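These notes are about the structure you will find just below.
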Number of protein chains: 2
Amino acid sequence: MNKKLKEYYSARATIIKALAHPTRIFIVEQLEKGERCVCELQEMIGDDISTVSKHLAILKNAGFISDDKRGLKIFYSLNMPCALNFLECAKKILKNRARHDLALTCK
Amino acid sequence: MNKKLKEYYSARATIIKALAHPTRIFIVEQLEKGERCVCELQEMIGDDISTVSKHLAILKNAGFISDDKRGLKIFYSLNMPCALNFLECAKKILKNRARHDLALTCK
DNA sequence: TTACTATTTGACCAAATAGCCAAATAGTTG
DNA sequence: CAACTATTTGGCTATTTGGTCAAATAGTAA
């Protein structure tokens with residue numbers, strides 16, 4: 001792989017990496033339902049608010065979500081619904097795995 | 001988030017994490033074209049063969065690919081084509097970004 | 001059996017990531 | 001302006017990940 005190609009794959013990996021965290025998956029799925037402010041997400045997630053804020057920054061930099069400041073609050077919303085397709089793919093794998101584990105158990 | 005839910009999201013994150021690496025994206029896209037042995041992939045990628053092997057193990061554990069040993073060689077193939085949907089989503093984001101950067105440049 | 005090829009595994013180090021706390025920033029309200 | 005609320009940023013440590021080398025494993029062939 002030459003340098004140019006490597007950079008291209010790295011850029012794509014960075015985007016995927018943004019979804020590769022339990023909290024960030026949760027956030028994306030919440031935002032599917034509509035915009036949420038940081039404090040609402042923080043309450044659902046339960047981590048320190050600075051931690052939640054950093055996760056949001058990662059999703060935003062990757063391009064999955066965008067923010068809108070209104071008064072004191074900042075509302076985040078999903079702007080790449082295609083992220084959900086992939087989350088579905090991960091779910092599908094988990095389901096297959098569960099079925100397989102069950103098959104083993106019943107042997 | 002309770003413990004059970006957290007585990008569920010972590011399991012999904014582990015699957016997505018498997019795709020969150022330039023080399024592993026490359027591998028999945030190669031396997032889309034058909035099965036490949038480790039040595040073929042190693043040659044295309046250029047990293048140490050043990051490195052490639054570890055990337056393959058990660059994709060296999062996640063459930064994206066499977067292996068078939070025939071003689072000395074081990075052939076890997078893709079068994080979750082839905083992975084490609086997501087890789088497409090990452091591509092789309094990159095394209096949007098490029099269009100946006102261009103717009104800024106032309107202002 | 002010995003030598004050879006393909007691949008995986010383990011030990012190790014360097015770099016990246018995650019989470020928490022404290023401090024900084026920005027907007028609001030009295 | 002001072003006090004307050006919502007959020008981000010910086011600094012720190014602990015954990016995870018990625019890569020390399022050497023050794024182990026497995027199949028083949030002489």
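Lettering follows sequence order; numbering is per chain, from 1. Only a predicted model underlies this, so the values are computations on that prediction, with no experimental measurement involved.
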Choose from [options] the nucleotide whose nearest atom is closest to any side-chain atom of [X].
| X | options | value |
| --- | --- | --- |
| B/T51 | D/dG11, D/dG19, D/dA6 | D/dG19 |
| B/S50 | C/dG27, D/dC21, C/dG19 | D/dC21 |
| B/K69 | C/dT7, D/dA26, D/dG19 | D/dA26 |
| A/I49 | C/dT7, D/dA26, D/dT8 | D/dT8 |
| B/C39 | D/dT8, C/dT7, C/dT8 | C/dT7 |
| B/D47 | D/dT20, D/dT7, C/dG19 | D/dT20 |
| B/K17 | D/dG19, D/dT17, D/dT8 | D/dT17 |

Test log, rule salt bridge (charged side-chain N to carboxylate O under 4.0 Å, His left out), inputs A/K91 and A/E88: CA-CA 5 Å; A/K91 265 193 198 169; A/E88 274 309 310; 3.5 Å; yes
Tell me whether the side-chain N/O atoms of [X] come closer than 4.0 Å to OP1 or OP2 in [N].
| X | N | value |
| --- | --- | --- |
| A/Y76 | D/dA6 | no |
| B/H21 | D/dG19 | yes |
| A/H55 | C/dT17 | no |

Please work out if [X] contacts a base, only the sugar-phosphate, or nothing of the nucleic acid, heavy-atom cut-off 4.0 Å.
| X | result |
| --- | --- |
| B/R24 | sugar-phosphate |
| A/K54 | base |
| A/F75 | nothing |

Calculate the interatomic distance between [X] atom [atom1] and [N] atom [atom2]; express it in whole Å.
| X | N | atom1 | atom2 | answer |
| --- | --- | --- | --- | --- |
| B/D67 | C/dA6 | CG | P | 17 Å |
| A/I45 | C/dC20 | CD1 | C1' | 15 Å |
| B/K73 | C/dT5 | NZ | C1' | 10 Å |
| A/I16 | C/dA16 | CD1 | P | 19 Å |
| B/I27 | C/dT7 | CD1 | C1' | 14 Å |
| A/Q42 | D/dA6 | CD | P | 10 Å |
| A/L56 | C/dA18 | CG | C1' | 15 Å |
| B/D68 | C/dT7 | CG | P | 12 Å |

Check against salt bridge (charged side-chain N to carboxylate O under 4.0 Å, His left out), A/R70 and A/E35: CA-CA 12 Å; A/R70 298 204 292 278; A/E35 60 171 26; 2.6 Å; yes
Sequence neighbours excluded - salt bridge (charged side-chain N to carboxylate O under 4.0 Å, His left out) pairs with any residue from residues 54-67 of chain B: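 Non-adjacent pairs meeting salt bridge (charged side-chain N to carboxylate O under 4.0 Å, His left out): B/K60-B/D67.
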Interatomic spacing from CD1 in B/I15 to CG in B/L59 - rounded to 0.5 Å: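 Output value for this atom pair is 12.0 Å.
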Upstream residue (5' side of DNA chain C) when A/A20 and A/G71 are each assigned their closest nucleotide: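 With A/A20 and A/G71 compared, the 5'-side residue is A/A20.
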Student check: side-chain heavy atoms of A/K17 and B/K17 closer than 4.5 Å: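 Heavy-atom side-chain distance check fails, nothing below 4.5 Å.
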Sub-4.5 Å side-chain heavy-atom contact between B/K73 and B/F75: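 The answer is yes; the side chains approach within 4.5 Å.
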A/L72 vs A/D48, nearer the 5' end of DNA chain D by closest nucleotide: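 So the residue in question is A/L72.
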